[in-house]
Amino acid sequence: MAAFFVKRLLTALVSIVLASAVVFAAVLAIPGDPAAIILGVTASPDALSALRTQLGLDVPAPQRYLQWLAGLVRGDLGTSLQYERAVRALVADRVPLSVALAVGAALLATLLAVPVGVFTALRRGTLLDPLVVLASQVGAAVPSFWLGLLLILVFSVELRLLPAGGFPGWEAGALAAWRALLLPVLALGLGQAAVMVRMTRAALLDVLGQDYVRTARAKGLGATSVVWKHALRNAMVTLVTILGLSLTNVFIGSIIIEQVFALPGLGRLALSAIGNRDFPLVQGVVLLYASTIVLLSFLVDLSYGWLDPRIRYA
Amino acid sequence: MLRHSVWLLSGILALGLLASAFAQTPAPSRGGTLVVAISADPPGWDPTASTSQEIPRVVYGNVFEGLVRFDRHGEIVPALATTWSVSSDNLTWTFTLREDVSFHDGTPFGVDDVLAKFERARDPDSGHVNQQYYAAIEDVSAPDASTIVFTLSQPNRSLLYNLARPDSIIYPAGSAGTQRAQPVGTGPFRFARYVEGSEVRLERFEDYWNPELPYLESVTFRIIGDPNTRLAALQAGDIDLIGAAVPPEQVQLIDAAPDLKTYAGTATTEITVAMNNARPPFDDIRVRQAITHAIDKHAIVEGAFFGQGTVIGTHMTPAEPYYIDLTDTYPYDPERARALLAEAGYAEGLSFDFELPEPYPFERRTGEVIAQQLREVGIDVNLSVVEWGTWIQRIFLGADYDMTIIGHSEPRDINIYANPDYYYQYGNLRIAELLAEAEAAPSAAEEIAAYQEIARIIADDAVNVWVFSPANTVAAREGLYGVWIDQPTPAIDVTEVYWAR
Amino acid sequence: MKRLPLNLTLGVSLVGMVVLAAAVSYVWLPHDPNRMDFGAQFAAPGTAYLLGTDHFGRDLLSRLLVGARSTLLVSFVAVGISLGLGGALGALAGWVGGWFDEAMMRLVDVLYAFPAILMALLLAAVFRPGILTAMAAIGLATAPVFARLTRASVLSLRGREYVEAGRALGASEARLLATHVLPGATSPIVVQASLSMAIAVLAEAALSFLGLGAPPDVPSWGNMLREAQGFMALSPYPALVPGFAIVVTVLGWSLLGDGLRDRLDPTTSR
């Protein structure tokens with residue numbers, strides 16, 4: 001287990017370092033001069049070159065990459081060119097919203113999907129089962145951003161119950177903040193729930209079909225007891241994987257949902273940073289996304305070992 | 001019929017006058033806060049460090065002031081200078097400074113700050129933008145503690161106008177390095193807090209030189225990029241004011257709400273289809289004329305903008321003093337467009353790129369219609385959207401493009417046509433001469449004549465297609481008074497804004 | 001002859017509908033999809049315009065039909081890239097093994113860390129945003145699935161007796177891989193390709209919705225949605241019509257994938 005942990009951790013770290021190189025190289029290849037964008041449309045060449053030096057853009061690229069990596073290790077992501085503030089602070093301002101959105105959506109999806117998935121798995125062979133499966137398949141086919149538009153159409157445009165977008169800030173109070181996040185969380189979470197229903201159902205059917213469950217049933221244990229005591233616990237491994245995947249999915253999905261609902265989260269920060277050629281900020285945010293995805297998959301792998309000691313790691 | 005509508009029109013006008021004369025504008029009252037929507041994060045807050053119009057929209061008149069300033073009608077009025085005079089040869093301008101003015105950081109305002117400002121404004125290495133505004137200034141001196149004298153190398157009619165621009169604001173001597181992040185000025189509001197991508201908050205400056213102003217305790221500019229979200233925020237009561245550029249399709253919706261109201265004002269924005277005059281096929285005037293003939297500007301304003309805008313024919317808007325209507329120079333005439341294209345050797349059609357700037361929805365919308373109109377005369381337009389960074393870098397600074405579209409919102413910016421390096425790649429020596437004539441003109445009438453001559457030359461040369469000037473529509477909550485409706489310069493100046501009791 | 005499963009039938013019909021729509025758009029359209037009718041903006045579905053019009057008075061049905069083309073084009077090419085790249089990486093890694101396998105899999109992990117949106121964001125900033133960057137981004141971002149799938153298949157097949165027999169008979173490595181190992185991996189790959197089509201259609205719509213896909217005047221469904229967002233209070237149809245089309249297409253591919261799995265690989269059938 002310890003050996004597995006170390007090996008898996010190393011792989012994750014290697015992935016993150018490789019990702020950082022990819023991000024840096026991509027950003028390097030982006031045409032466009034941040035100094036020109038800051039100075040605007042009537043900048044003189046002299047002013048431009050002065051600002052470039054001031055921003056540290058005249059240092060050779062490999063050296064800049066190493067500086068950046070060294071900074072990353074210390075937790076320093078550099079300074080945003082546009083805002084003249086530490087990238088770390090800018091990112092820290094945006095993280096709560098994106099995390100709230102992703103966790104809210106994943107939670108909603110889990111709370112909806114697991115009971116429905118279990119329920120349908122137990123009713124295999126009845127008419128309900130294929131209906132739920134089809135419904136979940138339709139649900140999974142609905143793009144989250146379109147669902148977002150539909151929710152805006154119904155709850156904001158027609159009923160005027162909830163804001164169509166924007167975020168009042170956490171200091172406006174939890175109620176106001178969650179009112180602004182309700183539709184985005186629904187838009188992101190419902191589609192994910194549809195995906196998870198099918199996965200949960202499949203995971204449970206898998207376990208229910210195994211010998212020890214059959215034996216337990218044969219011994220006369222009630223269906224409920226079998227499900228809760230044996231099947232679900234053994235299905236946990238798969239469920240955790242599903243949850244991990246879902247978190248990754250909603251985290252990525254939040255980029256577009258932030259755009260639909262004009263929420264100031266990490267996704268919009270990334271989009272605007274690219275538009276403004278704010279290279280340190282682009283690097284920081286994109287790497288943060290990539291690292292989070294790597295870490296989530298690392299955690300899912302770890303939880304395998306923890307939940308199911310039978311699993312042998314090769 | 002025509003007579004009828006004229007009578008009807010004057011009737012409506014008279015009624016309107018009566019109505020406004022009798023309308024109860026409540027007396028100003030102090031207190032309260034205001035939340036205003038703006039559309040983007042500016043690149044820093046120093047208007048002398050960047051030409052981005054998003055900066056003055058927040059800080060002009062609110063945080064920063066210059067010697068003189070524009071009022072809500074575009075008139076030049078005193079600010080940090082109380083009076084000024086000009087010598088008979090128009091070469092010496094003397095300004096008397098206001099006394100007992102202090103900056104937001106508590107330091108007193110004085111001649112040193114003014115001298116430092118104009119030193120920076122004329123130092124090519126200082127990073128101060130738009131230095132051409134100050135090119136005629138030979139020397140700035142302070143004979144005493146409350147007098148500033150500008151000595152010019154040649155008469156400069158637009159000096160006072162340029163001194164009122166956002167570029168001419170004055171901040172404490174030696175503070176240029178910190179102004180981009182922490183603006184400190186003399187305005188009625190001081191900069192309190194900025195949350196990137198979210199909002200900027202200004203608070204009442206208790207030591208403002210005019211003890212009557214401002215009325216509000218604080219004002220928050222909330223950054224909401226998407227026009228629909230702005231509308232939703234206004235309807236929900238999260239914001240009180242959209243200070244500029246409410247999209248035309250929202251006007252009816254806003255007016256339908258009992259507690260909201262829209263006001264149609266003017267702005268100095270020319271939505272301009274810019275062509276690379278140095279690059280084929282645009283180096284052939286017949287092609288440029290054909291393109292102008294192919295574009296149905298009225299259809300764009302009526303159809304895509306619900307009639308809320310004014311069709312224009314040169315780089316000037318009706319909101320500017322030199323305005324001249326040149327919309328008939330090359331009117332909409334697709335047949336003529338086809339004939340001109342054939343004459344230029346493009347009977348089989350031609351193809352070029354047309355790039356739309358991502359952050360600007362009005363321009364994108366106009367561009368889409370224009371692309372379609374050009375296709376109808378046989379031009380194969382490759383439409384694409386470019387990010388702002390690319391637009392500035394490759395198109396604007398590099399002049400590497402075929403055709404693009406942008407709103408030029410700076411007032412009195414026709415001088416750009418004298419610059420051969422400007423991204424239109426036009427440059428006409430005659431225009432530089434006329435500009436010099438205008439600056440040295442002995443009378444206002446001659447100055448105006450020179451500017452109108454420039455307007456005519458560029459219209460005849462079909463340098464660009466000037467499509468229309470969008471109405472500046474402002475949306476506000478009922479009970480809010482003193483808002484700028486017109487935009488003589490891009491600014492949401494809330495100095496005189498108050499809530500009715 | 002086994003009866004076709006319901007999901008396969010349904011999937012084939014839905015995907016067929018979309019393909020048909022794209023095909024029909026080349027020979028017949030009710031209106032020019034780009035013609036602007038400023039007299040008939042925001043028309044509700046009716047006789048003049050069957051599905052209504054958008055903010056420029058353009059016919060939604062015509063744009064919908066033409067939009068099927070770019071949806072299919074982008075998703076086919078993207079899945080092609082994904083399959084080609086991921087399949088090649090995975091097959092090689094599994095076949096060669098050792099450090100090469102390890103290195104390839106780290107590469108795949110890195111690809112996995114960049115979802116299509118981030119990939120498209122970076123590509124669109126380096127090059128011009130457009131259909132090509134969208135296809136490349138979706139293709140790259142979805143390649144890891146194929147890489148892992150082929151690698152697993154190859155690993156499980158390469159020790160089999162018939163492969164060893166082939167080797168003993170002196171067949172070249174490439175020949176062994178091509179003739180003996182890869183065919184065995186076909187079924188799961190075909191199933192995954194169909195499921196990946198569903199993902200690619202969603203990703204294409206998302207990218208053009210963000211302005212990272214087809215040029216603005218090309219009637220792709222994502223573009224139509226982005227433009228419709230500003231006018232939803234005036235008319236819901238421009239937002240409803242392309243959305244339904246996306247749902248139908250995605251559903252079609254995922255049902256087709258499930259159906260294929262049931263049919264080709266009965267052991268995992270549920």
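The basis for the numbers below is simple: all heavy atoms, side chains too, and nothing from hydrogens, waters or symmetry mates. Residue numbers begin at 1 in each chain, while the letters A, B, ... track the order of the sequences.
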Asker: Output all residues satisfying ring pair (Phe, Tyr, Trp, His ring centres under 6.0 Å) with B:Phe352, sequence neighbours left out; order by chain, then residue number.
Answerer: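 Ring pair (Phe, Tyr, Trp, His ring centres under 6.0 Å) list for B:Phe352, sorted by chain: B:Phe282.
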Asker: Are B:Val381 and B:Ile370 side-chain neighbours, meaning at least one heavy-atom pair lies under 4.5 Å?
Answerer: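 With C-beta onward as the side chain, the pair stays apart.
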Asker: Do B:Asp238 and B:Arg222 have side chains that get closer than 4.5 Å, going by heavy atoms?
Answerer: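 A side-chain contact exists here, since the closest heavy-atom pair is under 4.5 Å.
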Asker: Mind checking whether B:Asn464 and B:Val273 have side chains closer than 4.5 Å, heavy atoms only?
Answerer: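 With C-beta onward as the side chain, the pair stays apart.
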Asker: Given that the side chain runs from C-beta out, which part of B:Phe354 has a heavy atom under 4.5 Å from chain C: side chain, backbone, both or neither?
Answerer: neither
Asker: Distance-only criterion, 3.5 Å: which donor-acceptor pairs connect chain B and chain C?
Answerer:
from	atom 1	to	atom 2	distance (Å)
B:Gly303	O	C:Gln41	NE2	2.7
B:Glu368	OE1	C:Arg58	NH1	3.4
B:Gln372	NE2	C:Asn34	O	3.3
B:Arg375	NH1	C:Asp217	OD2	3.3
B:Arg375	NH2	C:Asp217	OD2	2.3

Asker: Using non-hydrogen atoms and a 4.5 Å limit, figure out which bit of B:Leu383 sits close to chain C: side chain, backbone, both or neither.
Answerer: both
Asker: Is C:Ala125 in contact with chain B via its backbone, its side chain, both, or neither, using a 4.5 Å heavy-atom distance?
Answerer: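 For C:Ala125, backbone and side chain are both near chain B.
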Asker: Report the residue from C:Leu51, C:Leu50, C:Leu240, C:Leu65 that forms a side-chain contact (heavy atoms from CB on, under 4.5 Å) with C:Leu60.
Answerer: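 Among the candidates, only C:Leu51 passes.
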Asker: Rounded to the nearest 0.5 Å, how far apart are CG of B:Leu234 and CG of B:Asp240?
Answerer: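 So the gap between those two atoms works out to 8.0 Å.
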Asker: For B:Leu231, which atoms come within 4.5 Å of any heavy atom of chain C: side chain, backbone, both, or neither?
Answerer: neither
Asker: First locate atom CG of C:Leu251, then atom CG of C:Leu14, and finally report the distance between them rounded to the nearest 0.5 Å.
Answerer: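 Atom-to-atom, C:Leu251:CG and C:Leu14:CG are 5.5 Å apart.
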Asker: Identify which of B:Val369, B:Val386, B:Val385 forms the greatest number of heavy-atom pairs closer than 4.5 Å to chain C.
Answerer: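 Answer, by heavy-atom pair count under 4.5 Å with chain C: B:Val369.
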Asker: Counting heavy-atom pairs closer than 4.5 Å to chain C, which one of B:Pro361, B:Gly367, B:Ala371, B:Ala299 comes out on top?
Answerer: B:Ala299
Asker: Are any non-hydrogen side-chain atoms of B:Asn472 and B:Tyr263 less than 4.5 angstrom apart?
Answerer: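 A side-chain contact under 4.5 Å is absent here.
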Asker: With a 4.5 Å cut-off on side-chain heavy atoms, are B:Ile312 and B:Val467 touching?
Answerer: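 They are not in side-chain contact.
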